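Lettering follows sequence order; numbering is per chain, from 1. Since the structure is predicted, the reported quantities are computational estimates derived from the model, not experimental observations.
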There are 2 protein chains.
Amino acid sequence: MANIKQIAKMAGVSISTVSRVLNDHPYVREEKRQAVLDAIEQIQYTRNMNAVNLIKGTTGNIAIMLPFINHAYFSQLIEGAANEALKSGFHLMLCQTNYSEVEETKVLEMLKLRQIDGTIIASKSLPLEQIEPYTQYGPIVACENTSDSSVSSVYLDHDRCFRKALQLLTDKGHNRIGFCVGRSDGNSTVIRRRAYMEHMELIRQPVQEQWMFHDCYTIEDGAGVFHKLTAMSERPTAMLVTGDQAAAGLLMEARSAGVRVPEELAIIGFDNQPIAKVMQLTTIDNHLFEMGTTAFSMLHDRIAVVNKEPEHRALAFEIIERDTV
Amino acid sequence: MANIKQIAKMAGVSISTVSRVLNDHPYVREEKRQAVLDAIEQIQYTRNMNAVNLIKGTTGNIAIMLPFINHAYFSQLIEGAANEALKSGFHLMLCQTNYSEVEETKVLEMLKLRQIDGTIIASKSLPLEQIEPYTQYGPIVACENTSDSSVSSVYLDHDRCFRKALQLLTDKGHNRIGFCVGRSDGNSTVIRRRAYMEHMELIRQPVQEQWMFHDCYTIEDGAGVFHKLTAMSERPTAMLVTGDQAAAGLLMEARSAGVRVPEELAIIGFDNQPIAKVMQLTTIDNHLFEMGTTAFSMLHDRIAVVNKEPEHRALAFEIIERDTV
DNA sequence: TTGAAAGCGCTAACAG
DNA sequence: CTGTTAGCGCTTTCAA
């Protein structure tokens, strides 16, 4: 395929001149520029970006690390990041890890291999200490609180968020409260669990282990929770469900089983997804799209300005009250 | 950062030897190999992939072109492709286009710029003639029928699929049938519309323009359709909805408005997504995940074997009968 | 304004 | 088995 040398020959100039017009440098006489442009047009020349990348040491690619894709939470996040990336002319590499530490490390290694200029960590299982060393190879922005780390972050304050939701439930007269979360060992789960424990203590309610559900991601998972609930002798009257998909599944089953919502069972979802609106589900809007855009722009800033201080930004959230509380 | 030369010096060998151990070539005496490995370990060396890419002319990256990400249809497709890509050690670049021809062209140009080794087109608006020329720069696999083109494809036979669904509706006694699709000018819409027209003629029913809805993607879009339907004096008794999200929205509103499903309104969705199962929605499983995996493996084959014949593969589909028909 | 030349870091003949 | 050498295609001093 055509290269810069051929263009130079065709246009009767040196390769430096070709490079100059390619890069919009000043100081190229108009007629030479035209000659180069003509030659480029004629043989349909395009730069070999690998050569450019080699010499520049950058690629214009960034990675986004996530466990799986087919989930509304990550889709929204990705969409936000992708939108911003598109605007800045960056390419987004999707790195699915299934929470495997080996795969997560591979993503980080890409930074060292100079295949990407930076990475967004949407969710991970690797401990932070194993991630930090990689910041010397390129900026990293995580979508969870990593304060005091060289890894920047944009996150939801799970503690405040959970407490506020619990308080709302209590205000509405619910004391028998349960919750559903994702990974049982995830960073956010630890925080939420603690917030929950403290709230229960505050309102002087015993804690029921069986009211805490893990691995709730999909509509079906939510539906499953309802059936587990009905099998219990002691049931909660309110559920906090992190993820509208799961919350919707729970709500759907509850309604079709004739349970009165919110009187017999109040539900608060998370993420403010379309399904929540249609089902009139009370939910917490945690600005996932904005999380994606912010993550990208923080990353972008750090790609542009080397050694920029790490930054940690908490996102606002709000409770959208609808019919399930 | 460290390069191959320094390793060579440290290990007391030539750069070729270093390259050989890096590439697992035979013919390297064990003690030299060990010396190289030690040096690599010592200064935490990793290859600069841009140099490798330059010389090899490949990147190990492929692109997936799609209009938007945050939609179950594409999420499933992406997940399939990403899964396969992961297995083969390829990286997936997410290229969101919003159906803009400019953006779509940019994705194709990446092939020329040697930023990717091939591309999957999940959905596009660019005419095929403008895509074909790019196959000289790398393989392209589209997720829609492109028979007789240099662009390979893996697709759903929309015609057969629509007819079969329409027939089911008719068999169940529904003659007043409407449908919802995505883009009004999309390739699949043309096919579906024709299948619909012919079916209506077959069963000697007049065609009602107002029963054909476009741009139905989300749950909310589906809910909106129900309200338009109720505002009509002449209403269909069955709807074919391409996309379970939209179908679910329609179904949800219908049920909560007290419409008897399927007697007064039968609904068939598409994609067999989790929401369909939970809502007991009859739907068509069109194997989207498989479409993604197949698209990738077809692409992969063509990256490995240059000038392999284009291939066109139709995927099977099946109707999952539940409670809405 | 322009061109020559020195790399960027690596691979792969080729000749030992 | 191993090293020398010639590039891959491009950018960027430096000198003219």
What's the closest nucleotide to the [X] side chain, out of [options]?
X     : options               : value
A:Y45 : C:dT11, C:dT2, D:dC10 : D:dC10
A:I55 : C:dT11, C:dT2, C:dC8  : C:dC8
A:H25 : D:dT12, C:dT1, C:dA12 : D:dT12

Quick one: [X] [atom1] to [N] [atom2], roughly how many Å, whole number?
X     : N      : atom1 : atom2 : answer
A:N23 : D:dT12 : CG    : C1'   : 10 Å
B:R29 : D:dG3  : CZ    : C1'   : 13 Å
A:K32 : C:dT1  : NZ    : C1'   : 8 Å
A:K56 : D:dT13 : NZ    : P     : 11 Å
A:I15 : C:dG7  : CD1   : C1'   : 11 Å
B:K9  : D:dG3  : NZ    : C1'   : 16 Å

*asked:* Cation-pi check for A:Y99 against A:R183: NZ or CZ below 6.0 Å from the six-membered ring centre and within 45 degrees of the axis, yes or no?
replied: yes
*Using a strict 4.0 Å threshold on nitrogen-to-oxygen distance, state whether B:E311 and B:R302 make a salt bridge.*
yes
*Got a salt bridge between B:E109 and B:K106, using NZ or NE/NH1/NH2 to carboxylate O under 4.0 Å?*
no
*Heavy atoms from other residues, nucleotides or ligands near CD of B:E41 exceed 12 (cutoff 6.0 Å)*: no
*Under the 3.5 Å rule, do the base of C:dA12 and the side chain of B:S19 count as making a donor-acceptor pair?*
no
*Pairwise 5' ranking along DNA chain C for B:R20 and B:T46, keeping only the more 5' one*: B:T46
*Distance test, side-chain N/O of B:N48 to OP1/OP2 of C:dG9, below 4.0 Å*: no
*For C:dG16, take OP1 and OP2 only and decide whether either is under 4.0 Å from a side-chain N or O of B:Y27.*
no
